[in-house]
Amino acid sequence: MRRTSLFAFAAALLLAPLARSQTTGLPANQGAGEPVTAEVKQKVLDGLQDVIVNKAFVPAVDFKKWPEYVEKHKGDLDKAETDTAFARELNRTLSEFGISHIRLRAPRAAQARVRTSTFGFGISVRKDEKGLTILQIAPDSPGTNAGLKVGEMITEVDGKPATDAAQLRIEADAPAPGTAPPAKTLAMKVQSTDGKVRDVTLTAKSISTLRPPTLTWVGTDAAVLKITTFSLGYDRLVIEKELSDAAKAKYLIIDLRNDGGGAVRNLDHLLNLLLPEGTEYGVHVRRAFVDDYLKETHASTADPVEVARWEKTKQKTRKGAVEPYKGKIAVLINRGSASASEIVAAALHDTVGAPLVGQPSRGAVLASVYAKLEGGFELQYPISDYVTIKNVRLEANPLQPDVAVTARPEEGKPDPVVEAAITKLKGS
């Protein structure tokens, strides 16, 4: 059987699910979009057809249905007059496949994906019944500098009820180096967790989107390694240093909450530092594996789990830059934990018994790559599935916590999820 190196294959893959732009105000400066011509739209559609029908791959997903889905949505696609609206309608069309990791980005969003800074207010929010609840605030951002806190609610923006995260977006790109930023302020009413309402004015600024890993201590025997991404911002040298520092801890908490994933090579790097060399932890079920499985077993279908059981080539750890951690490990997850994060969490759970603590993960675990299309559009599309070493397909099958914790962290108080993880480890 002739195959390319599994390591070379995995190193090029991305495990980052679709962004949820309606709930984030950090890099969501996509604006209303630019006009798009019928000629560009047709070239984008032609490019999409070529990539989706001939290159995209997920076992048991029929990508040849793409023309049928396009025809179904043709009316809305024809009506789209801007690149952003056209991408939005095409993403509705792509959603017909019912899988993660397949998304079209309009030109501005494609450029933003590889930037290390954005221009805005640095607030991630969720729409609630009475306003916009603050979920996250970027360091050194207007939101941080104004004293906003996670859990507070924005009830009014520029004199209007706060009903949509789009009210916090900027209709402009980040300013070029050496140029003055556009003047953009927001006047908001913010309700604190004790019910008091205050006036807050934010002025937009350039904000770094890189959130490096951090190590904090809880008492003298427990360390918490927070990893916010396996994409840009995943710093191998920093993580190696922090895990060297954490070696003396009796308990290690890997915090993957709201880590939406990133590159396979980075999740491999982390597992190399945590698990003994040669530890098998799963299978990327790619086209070559499925073709060989069907040929050798004469099966009529290729269930990803059955292919993974049959396949002898497993993902396994290699020797890391530091000795594998020797103490007890727990992993924190929530709905924002996706893709590469889910693979890491499952691997630690399956191989060293690390309990999962928090809330269910997203269940979006397909490896993908990017294709450049006409006019600056960019398509993220899947090329392999994933099954854990215990033969569980994670796509559409969120990880369930061993210890469920619904309480949210509050400013100035111990993190209830971290506390629950330490309690679990000490009792095991």
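If you read the sequence from its start, that first residue is 1, and numbering goes on from there.
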Run the salt bridge (charged side-chain N to carboxylate O under 4.0 Å, His left out) test against E68 and tell me which residues pass, sequence neighbours left out.
none
Which residues share a salt bridge (charged side-chain N to carboxylate O under 4.0 Å, His left out) with K241, sequence neighbours left out
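Scan of K241 (salt bridge (charged side-chain N to carboxylate O under 4.0 Å, His left out), adjacent residues dropped) gives D245.
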Under the side-chain contact (heavy atoms from CB on, under 4.5 Å) rule, collect the residues that match up with A299, sequence neighbours excluded.
Y293, L294, T297
Kindly indicate whether the side chain of V392, heavy atoms from C-beta on, has any atom under 4.5 Å from the side chain of V387.
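No - every pair of side-chain heavy atoms lies 4.5 Å or more apart.
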When the side chains of residues 347-355 are checked against the rest of the protein, which donor-acceptor pairs come out under 3.5 Å, sequence neighbours left out?
residue: H349; atom: NE2; partner: D402; partner atom: OD1; Å: 3.4
residue: H349; atom: NE2; partner: D402; partner atom: OD2; Å: 3.1
residue: T351; atom: OG1; partner: A347; partner atom: O; Å: 2.6

So, using side-chain hydrogen bond (donor to acceptor under 3.5 Å, both in side chains) as the criterion, who are the partners of Q42 when residues are at least two apart?
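If we apply the side-chain hydrogen bond (donor to acceptor under 3.5 Å, both in side chains) test to Q42, skipping adjacent residues, the hits are D46.
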Would you say K65 has more than 12 foreign heavy atoms packed within less than 6.0 Å of its NZ?
no
Please say whether more than 12 non-hydrogen atoms of neighbouring residues, nucleotides or ligands are located less than 6.0 Å from CD in Q400.
yes
So which pairs with a foot in residues 255-277 pass ring pair (Phe, Tyr, Trp, His ring centres under 6.0 Å), sequence neighbours left out?
Y234-H269
Closest heavy-atom contact between G233 and L210?
N-CD2, 3.6 Å
With distance as the sole test, does T317 use its side chain to make a donor-acceptor pair with the main-chain N or O of T279 at under 3.5 Å?
yes
Between the side chains of H73 and E96, does any donor sit under 3.5 Å from an acceptor?
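The answer is yes; a qualifying pair exists.
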